[in-house]
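Both ligands and their constituent atoms are indexed starting at 1 by order of listing. Atoms considered below: every heavy atom in the structure, side chains included; atoms not considered: hydrogens, waters and symmetry mates. All values derive from a computational prediction rather than experimental measurement.
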Amino acid sequence: MVDLLAPVSMGLSRTPLVRLEALSPPGVDIFAKLEWVLPTGSIKDRIAVAMLEKARLEGLLSPETRLLEPSSGNTGIALARLAMMWNIPFTVVMAEGASQERVEILKTFGTEIVYSPGDEGSNGAVRVAGEMAASGDYLMLNQYENLANVEAHYRGTGREIVEDLDHVDAFVAGLGTGGTLMGAGTAIRESFPQAQVVAAEPPMGELITGLRSIDAGYIPPIFDPDRIDRRILVRLAPTIEHTRTLLSVEGLFAGPSCGAALAVALRIAREMRSGTIVTIFPDAGWKYLSTGIYTGSIQEAVKGATNQILW
Ligand code: PMP
């Protein structure tokens, strides 16, 4: 049964904003928001709660509801936790070849897994989920189109940042659905109108977990490129190098999209003589151990990460 009186916080709490003491260059403060303290270890707990709560308020949840989402990544895992708590059957469509950690986490949370052809990558999962949803039997929340994604970052992530800092010159976040950039970026600009909003984005054809290139053809409906100031491309090799630097220099065991965000934040830091940069670290390293990005040569690590479906 769906508990219609479920408390909306669902285990969410304010996340820490830390200054990167060793990596901030002289005169510049780089702050990172550590989202991995959230219940399933990623920023996506915020949007999963917001999307499901919106669906509940719109009367879309009934005892017959079956949830469906094409994500083996953080959103799938965050939704799986809530579906388990609310006793809603949940099916994730994922491309064959997703890492074993993800499969095990989803199974632990009682999620049904449907596999799409591995050679079609994450787009294949979206296609198969779309076909399944067309039957009308499922509720698909779709983080790429759901404005609750943006709202969660406007009311949560962004507001927490403006409460914690008295000045922001640049806000850097990885571009996935665009929810973080749109929501938190707007909240930050409202308080600090001079702040630049900067997207960290992989070049087309390079796979960095959780991030996408808008040049690859799909622009998420919730993402408006005109509302950001800059897009800075970051490749997989420097992403892995910066992810390792976070561990060795700051002691932060971060996921690869944090390395991408750090690389972009440092580039902006080099362009300014003084100022405050704030960035987002969406998840920690645990889920990526099997990809081999933390050890051995960077070249081997790039090859290993390229062969995996990480989205
Ligand atoms: N990093 C990771 C690890 C993610 O899972 C995501 C979400 N896809 C992002 C960054 C990008 O966040 P957003 O979807 O808000 O653009």
Practice task
Verify the distance criterion only: is there a donor paired with an acceptor across the side chains of Thr177 and Arg212 at less than 3.5 Å?
Solution key: no
Practice task
Taking atom types as modelled, find out whether Thr75 and Gln143 have a side-chain donor-acceptor pair closer than 3.5 angstrom.
Solution key: yes
Do any N/O atoms on [X] end up under 3.5 angstrom from N/O atoms on ligand 1?
X	result
Gly178	yes
Gly210	yes
Asp283	no
Thr177	yes
Thr180	yes
Asn74	yes

Exercise for the section: Apply salt bridge (Lys or Arg N to Asp or Glu O under 4.0 Å) to Arg66 and list each qualifying residue two or more places apart in sequence or on a separate chain. Expected result: none
Fill in the blank from the handout: Result for side-chain contact (heavy atoms from CB on, under 4.5 Å) between Val197 and one of Arg189, Arg227, Arg230 points to Arg189
Exercise for the section: Mark up the atoms of ligand 1 that fall under 4.0 Å of a heavy atom belonging to Tyr288, in ascending order. Expected result: 3 (C)
Exercise for the section: Please could you name the atoms of ligand 1 that Gly174 approaches to less than 4.0 Å, counting only its heavy atoms? Expected result: 11 (C), 16 (O)
Handout entry: Candidates Arg14, Arg155, His153, Lys33 - the one meeting side chain to side chain donor-acceptor pair (under 3.5 Å) with Glu160
Key = Lys33
Handout entry: ligand 1 contacted by Phe281 (non-hydrogen, < 4.0 Å)
Key = no
Exercise for the section: Mark the output for Ser42 as yes if a heavy-atom distance to ligand 1 is under 4.0 Å, and as no if none is. Expected result: no
Exercise for the section: Could you see which bit of Leu211 sits under 4.0 Å from ligand 1, with heavy atoms only: side chain, backbone, both or neither? Expected result: side chain
Exercise for the section: For ligand 1, note which part of Gln143 has a heavy atom under 4.0 Å away: side chain, backbone, both or neither. Expected result: neither
Practice task
For Gln194, look at atom CD and say whether over 12 heavy atoms of other residues, nucleotides or ligands are found less than 6.0 Å away.
Solution key: yes
Practice task
For Tyr115 and Ile113, work out which heavy atoms get closest and say how close.
Solution key: CZ-CG2, 3.6 Å
Handout entry: Side-chain (Ser24) to main-chain (Glu21) donor-acceptor, under 3.5 angstrom
Key = no
Problem - Ring center gap for Tyr144 and Tyr218 short of 6.0 angstrom - result: yes
Handout entry: Gly176, Pro220, Ser257: member with heavy atom nearest to atom 1 (N) of ligand 1
Key = Ser257
